[in-house]
Protein chains: 2
Amino acid sequence: MPTYRTDDGWDALGDPTRRAIVACLAERPQAVGELADALPISRPAVSQHLKVLKDAGLVTDRAAGTRRVYRLNPAGVAALRDQLDTFWNRALDGYQDVAEQPTGEKS
Amino acid sequence: MPTYRTDDGWDALGDPTRRAIVACLAERPQAVGELADALPISRPAVSQHLKVLKDAGLVTDRAAGTRRVYRLNPAGVAALRDQLDTFWNRALDGYQDVAEQPTGEKS
DNA sequence: ACGAACGGTAAGCTACAACTTACGGATGGA
DNA sequence: TCCATCCGTAAGTTGTAGCTTACCGTTCGT
């Protein structure tokens, strides 16, 4: 049972190429061809990544004629940020003291 | 040149097992054995993941006798969160209008 | 000082996922 | 209506990353 928790977006952003796509889309909404032209990978590859990102709720697609314009989904990004905040706060909760004071943790 | 930007922490959190470790460490600092006992993987595997997380600046280690206590690094988590915020803000910046208006992106 | 335990590293195997080429469906233009 | 373009999917290959077992160094307890 090697699956603890598929937090969607995390898996999606775990890939460098996908992060590059997200970065491109962060600048402005773009079509698949645009992204493929800006990245060193083929169009099909971009499509697949886009599918993953869309499945993760990080991007949304809009049909514009024969083109398909993808854009970032602020809600999805916000969800990730929120989760990160949780980790962060929880860490600070039981750490602040332990972290600063290496209370001479000899045996 | 298939490397766009290795944002450290992203690659680290891209793995479910590593996310589980982070979750465990978020609760409280723990030794390698503790983590291995809580997870369905061997100790060496935990060590390797810990190494990746440490290299990414997401955790720090403290020697406690024969044990090695690892803890989350709030700064590392904050860095991720900050970067996420950047994406988020940038998206909102050039989207709100473009998303609604398909400004006739003909060839 | 000896024994025991904990943790990190090395080497190897397996599985997954990212990328490619090829194909088909759909939409726009002439 | 016919052609061209764009996108998504299918099938296949390859690289890599995660896991395991085995070994070694280090540190504590007796």
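Here is how names work: the chains are called A, B, and so on, in the same order as the sequence lines, proteins then strands, and each is numbered from 1. Values below: all heavy atoms of this structure, side chains included; hydrogens, waters and symmetry mates excluded.
The separation between Leu39(B) atom CG and dG18(D) atom P is 14 Å, rounded to whole Å. For the pair Asp55(B) CG and dA17(D) C1', the interatomic distance rounds to 15 Å; values are reported in whole Å. Distance CD1 (Ile41(A)) to P (dA18(C)): 10 Å, rounded to an integer number of Å. Going from atom CG of Asp11(B) over to atom P of dA17(C) covers 15 Å, rounded to whole Å. Note: CZ (Arg19(B)) to P (dG18(D)) measures 11 Å, nearest angstrom. Leu13(A) places its CG atom 12 Å from the P atom of dA18(C), with the value rounded to the nearest Å. Spacing between atom CZ of Arg62(A) and atom C1' of dT27(C) amounts to 15 Å, rounded to whole angstrom units. Going from atom CG of Asp15(B) over to atom C1' of dG18(D) covers 7 Å, rounded to whole Å.
Residues meeting the salt bridge (charged side-chain N to carboxylate O under 4.0 Å, His left out) test with Arg68(B), sequence neighbours left out: Asp61(B).
Comparing Gly65(A) and Ser42(A), the nucleotide of DNA chain C nearest to each residue sits closer to the 5' end for Ser42(A).
For the atom pair Tyr70(A) OH and Arg62(A) CZ, the distance stands at 12.5 Å (nearest 0.5 Å). Taking CG of Asp85(A) as the start and CZ of Arg81(B) as the end, the distance is 4.5 Å to the nearest 0.5 Å.
For the side-chain contact (heavy atoms from CB on, under 4.5 Å) with Leu53(B), the lone residue among Thr60(B), Val59(B), Asn73(B), Leu72(B) that qualifies is Val59(B).
Remark: side-chain polar atoms of Trp10(B) are not paired, donor with acceptor, to backbone N or O of Leu13(A) under 3.5 angstrom. Proximity of a side-chain donor or acceptor of Asp55(A) to a complementary backbone N or O of Lys51(A) within less than 3.5 Å is not detected.
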* If the sugar-phosphate is the primed atoms plus P, OP1 and OP2 and the base is the rest, what is the B/S/- string for nucleotides 4-9 of chain C, using protein heavy atoms under 4.0 Å? -> --BSBB

